[in-house]
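Here the structure comes first, spelled out in structure tokens, and everything after it is commentary.
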Protein chains: 2
Amino acid sequence: MHEALRLYINKYTSSEISDADFETVKKAFTPKHFLKRQFFLQEGDVCKYTAFIVKGAMRQYSVINGVENIVSLGIENWWMSDRESYSMLTPSQYNIDAVEDCDVLLVGYEKMLPLAESIPLIARMITMMDQRHSIAMQKRIHNAISLTAEDRFLDLMKTNPVFLQRFPQNMIASYLGITPESLSRIRKKLAAK
Amino acid sequence: MHEALRLYINKYTSSEISDADFETVKKAFTPKHFLKRQFFLQEGDVCKYTAFIVKGAMRQYSVINGVENIVSLGIENWWMSDRESYSMLTPSQYNIDAVEDCDVLLVGYEKMLPLAESIPLIARMITMMDQRHSIAMQKRIHNAISLTAEDRFLDLMKTNPVFLQRFPQNMIASYLGITPESLSRIRKKLAAK
DNA sequence: ACACGTTCTTAACATTTGTCAATCGTACTT
DNA sequence: AAGTACGATTGACAAATGTTAAGAACGTGT
């Protein structure tokens, strides 16, 4: 179960974490299973944990006038949390739930901090994660303001094709900022070529 | 000139940086003046510096088919850079230029790192900046996928009204992901109320 | 004062996207 | 196997936004 995290650390730091250090890391992470549709975070609650997805798929979304707006999707080897709520300890405006049954590793802020301070490799991993996250968000903003819905879908097909296998189309549509009907039409149009 | 930076540090760390530490910080930052329209970063170049705006206004944008897409706007006390290019040392796809004459303080990665390592207050400031930046980007993504153009404009009026004073409307429109014509119509519609 | 460039607005029209309602298919439950 | 819930599709229509073109308003520099 924790092995996936070890592989993740090694990959994104381009190093090999020692057995001793990894034992320390393991102690900070709690394994947990989520059933499909089960909430990891509900609107109004403070996000006390960050989840590392070992197996399964999750989504983060707001609900406005009964409409779900998906701001992030995650599968194996992704981290899920509402960073705003997690770091500021404020009530979240988002929900996070399991789209498939999930195995995740949970870690709280108060356990993560000492890890980062005592194990340089972990500090480096966090820096890398933050960088990647920041770059991905900037790209998403750029896509949202400069591309048509069709081009955003094509970009998703290119950069995260696996999402299309793992998430139903109404979620993909929400993630792209359009209605399921629009996505259906776009797919039809693209198929005609 | 550097005084604005000192105030910024104190504000966002809720502390008072010592004279000695601030002397060290000062040495790492180079003052520079930009004329209106002058480039701080051009597409294809690596973004070697982060700019702290002491006075003036800047924008970051891509150009696609001759259309400018503004991903970020900044005024006094904001930081400007292409974080992707800055941290990965890759050629940027963005331009950054001065919308008004600007006084800025420049700092390169190789000078910022030692500062963060030797002065804990600076490390904390950077953490805070990253958090705020990350939260702002998430909010922008959420706005882009869940709000209409009109609601995005209203949100901007509420959260950054000063932008409307400092940037021409075609830039505001681009920042919102719409055409200047659309923004003009939206403003007319809102004025009618 | 004048000419110029830039920004903003307006109008007509095209295109994209949303809304609503109906239908179809599929998977799951019992 | 029948029933049910859910997701995907389709069509007709409405609304929002983009495109193109023209002109007005404004400021700037000479």
Side-chain angles (χ1 to χ4, degrees), chain A residues 35-38 57 59 61-70 73 97-101 142-157 163-193, chain B residues 35-38 56-57 59 61-70 73 95 97-101 142-157 163-193:
Chain A
L35 294 175
K36 184 171 173 174
R37 301 240 165 89
Q38 189 179 348
R59 63 180 177 147
Y61 59 102
S62 72
V63 180
I64 300 177
N65 299 332
V67 179
E68 297 175 350
N69 305 105
I70 297 181
L73 295 174
D97 66 13
V99 176
E100 306 169 357
D101 288 7
H142 186 249
N143 281 357
I145 67 169
S146 67
L147 300 184
T148 62
E150 180 175 330
D151 286 338
R152 294 201 299 279
F153 177 67
L154 287 171
D155 180 75
L156 183 65
M157 278 183 61
F163 279 8
L164 306 182
Q165 314 300 322
R166 298 290 289 275
F167 297 97
Q169 278 173 31
N170 58 28
M171 293 187 193
I172 298 290
S174 173
Y175 182 77
L176 293 173
I178 57 179
T179 59
E181 292 92 337
S182 280
L183 179 54
S184 185
R185 275 182 301 221
I186 288 169
R187 278 164 42 85
K188 187 179 181 182
K189 188 175 154 200
L190 289 175
K193 298 181 184 171
Chain B
L35 294 175
K36 185 172 173 174
R37 303 238 164 93
Q38 189 178 348
R59 63 179 176 147
Y61 59 101
S62 72
V63 180
I64 300 178
N65 300 332
V67 179
E68 298 175 350
N69 306 103
I70 297 181
L73 296 174
N95 303 281
D97 65 15
V99 176
E100 307 169 355
D101 288 6
H142 186 249
N143 282 357
I145 67 169
S146 68
L147 301 184
T148 62
E150 181 175 329
D151 287 338
R152 295 201 298 278
F153 177 65
L154 287 171
D155 181 74
L156 183 65
M157 277 181 62
F163 279 7
L164 306 182
Q165 315 300 323
R166 300 289 289 274
F167 298 97
Q169 278 172 30
N170 59 31
M171 293 187 193
I172 298 289
S174 173
Y175 182 77
L176 293 173
I178 57 179
T179 59
E181 293 88 343
S182 280
L183 180 54
S184 185
R185 274 183 300 219
I186 287 169
R187 279 164 41 85
K188 187 180 183 183
K189 188 177 156 197
L190 290 175
K193 299 182 181 172

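To find a chain, count down the sequence lines: A is the first, B the second, and so on, and within it residues start at 1. Just so it is clear, the values below take in all heavy atoms, side chains as well, and ignore hydrogens, waters and symmetry mates. Keep in mind the model is a prediction, meaning the values are calculated, not measured.
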Between [X] ([atom1]) and [N] ([atom2]), how many Å, whole number?
{"X": "B/N65", "N": "D/dG18", "atom1": "CG", "atom2": "P", "value": "15 Å"}
{"X": "B/D101", "N": "D/dT28", "atom1": "CG", "atom2": "P", "value": "12 Å"}
{"X": "B/E68", "N": "C/dT6", "atom1": "CD", "atom2": "C1'", "value": "13 Å"}
{"X": "A/I178", "N": "D/dT17", "atom1": "CD1", "atom2": "P", "value": "15 Å"}
{"X": "A/L183", "N": "D/dG7", "atom1": "CG", "atom2": "C1'", "value": "12 Å"}
{"X": "B/R187", "N": "D/dA16", "atom1": "CZ", "atom2": "P", "value": "19 Å"}
{"X": "B/L147", "N": "C/dT17", "atom1": "CG", "atom2": "P", "value": "18 Å"}
{"X": "A/I70", "N": "D/dG7", "atom1": "CD1", "atom2": "P", "value": "11 Å"}

*Determine, stepwise, if the pair B/Q169 / B/R187 fulfils side chain to side chain contact (heavy atoms under 4.5 Å, CB included).*
CA-CA 10 Å; B/Q169 278 172 30; B/R187 279 164 41 85; 3.0 Å; yes
*With the side chain of A/E181 defined as its heavy atoms from C-beta on, choose the nearest nucleotide among C/dT19, D/dT19, D/dG7.*
C/dT19
*Distance under 6.0 Å and angle within 45° of ring axis: A/R166 vs A/F163*: no
Measure across [X] and [Y] and return the closest heavy-atom pair with its distance rounded to 0.1 Å.
{"X": "A/A144", "Y": "B/A144", "value": "CB-CB, 3.7 Å"}
{"X": "B/H142", "Y": "A/I64", "value": "CE1-CD1, 3.9 Å"}
{"X": "B/V99", "Y": "B/K36", "value": "O-CG, 3.3 Å"}
{"X": "B/I172", "Y": "B/F167", "value": "CG1-O, 3.8 Å"}
{"X": "A/I70", "Y": "A/S174", "value": "N-OG, 2.8 Å"}
{"X": "A/Y175", "Y": "B/I145", "value": "O-CG2, 4.0 Å"}

_Treating B/N143 as the side-chain partner and B/R152 as the backbone partner, does any N or O pair qualify as donor plus acceptor under 3.5 Å?_
no
*asked:* What does the 5'-to-3' dot-bracket notation of DNA chain C look like when only Watson-Crick and G-U wobble pairs under 3.5 Å count, and pairs to other strands show as |?
replied: ||||||||||||||||||||||||||||||
_Using a heavy-atom cut-off of 4.0 Å across all strands, would you classify B/E150 as base, sugar-phosphate, or nothing?_
nothing
_N or O in side chain of B/S182 less than 4.0 angstrom from D/dG18 OP1/OP2_ = yes
*Does a nitrogen or oxygen in the side chain of A/T179 sit under 4.0 Å from OP1 or OP2 of C/dG18?*
yes
*Does any residue of residues 164-177 of chain B have a heavy atom under 4.0 Å from DNA chain C, and if so, which ones, in number order?*
B/P168, B/Q169, B/N170
_Under 3.5 Å donor-acceptor pair, A/R185 side-chain atoms to C/dG18 base atoms_ = yes
*More 5' along DNA chain C: A/I186 or B/K188, using each one's nearest nucleotide?*
B/K188
